**Student:** 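This is the structure, below, for whatever I ask next.
Computed from a predicted model, the values in this text were never measured in an experiment. Both backbone and side-chain heavy atoms feed into the values below; hydrogens, waters and symmetry mates do not.
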Amino acid sequence: MNWNFQFAGLSEFVDMGGYAFFVWLAYGVAFAALGLLVVSCLSQRKRVIKQISQKQAREERLRQHRSKAV
């Protein structure tokens with residue numbers, strides 16, 4: 001395998017041949033979008049779990065009330 005690097009140094013890598021702004025902006029936007037997606041999914045999951053537990057508690061209270069009424 002040939003491991004020749006495209007860039008001579010770290011500064012050339014960061015500069016990206018003059019297109020650094022666009023390249024790093026694209027990476028930034030992609031990582032920000034992925035981060036927002038993860039946060040959104042986690043908050044949605046938390047909200048759904050809370051709704052399920054509230055519904056189960058409500059059903060249990062109804063079940064207890066019905067058993068006392070009979």
Side-chain angles (χ1 to χ4, degrees):
M1 260 190 168
N2 189 1
W3 291 95
N4 291 334
F5 293 105
Q6 181 71 28
F7 303 103
L10 184 62
S11 63
E12 270 190 48
F13 172 73
V14 172
D15 184 45
M16 290 285 173
Y19 296 102
F21 176 75
F22 303 107
V23 172
W24 295 116
L25 181 64
Y27 275 110
V29 168
F31 283 121
L34 288 173
L36 288 173
L37 183 62
V38 167
V39 169
S40 173
C41 288
L42 290 175
S43 67
Q44 180 73 17
R45 180 180 181 272
K46 188 176 179 180
R47 185 169 38 250
V48 167
I49 289 173
K50 184 178 178 183
Q51 289 174 349
I52 290 171
S53 66
Q54 287 175 345
K55 184 175 181 180
Q56 287 176 339
R58 187 179 324 119
E59 289 174 356
E60 182 61 30
R61 285 193 310 268
L62 284 172
R63 201 173 299 120
Q64 287 176 357
H65 180 71
R66 289 179 183 152
S67 66
K68 288 179 183 179
V70 173

**Student:** Step by step, would you call K46 with K50 a side chain to side chain contact (heavy atoms under 4.5 Å, CB included)?
**Tutor:** CA-CA 6 Å; K46 188 176 179 180; K50 184 178 178 183; 5.9 Å; no
**Student:** According to a hydrophobic-cluster definition based on side-chain heavy atoms being under 4.5 Å apart (Ile, Leu, Val, Met, Phe, Trp, Tyr only), do L10 and M16 belong together?
**Tutor:**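 Yes, it is one cluster - the side chains of L10 and M16 are joined through contacts under 4.5 Å.
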**Student:** Checking R58 now: which residues fulfil salt bridge (Lys or Arg N to Asp or Glu O under 4.0 Å) with it, not counting sequence neighbours?
**Tutor:**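 None.
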**Student:** Once side chain to side chain contact (heavy atoms under 4.5 Å, CB included) is applied, do any residues pair with Q51, and if so which ones, sequence neighbours excluded?
**Tutor:**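 Q51 satisfies side chain to side chain contact (heavy atoms under 4.5 Å, CB included) with R47 once adjacent residues are dropped.
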**Student:** List the atom pairs, with distances to 0.1 Å, where a side-chain N or O of residues 17-41 and a protein N or O form a donor-acceptor pair under 3.5 Å, not counting sequence neighbours.
**Tutor:**
| unit_1 | atom_1 | unit_2 | atom_2 | d |
| --- | --- | --- | --- | --- |
| W24 | NE1 | V14 | O | 2.9 |

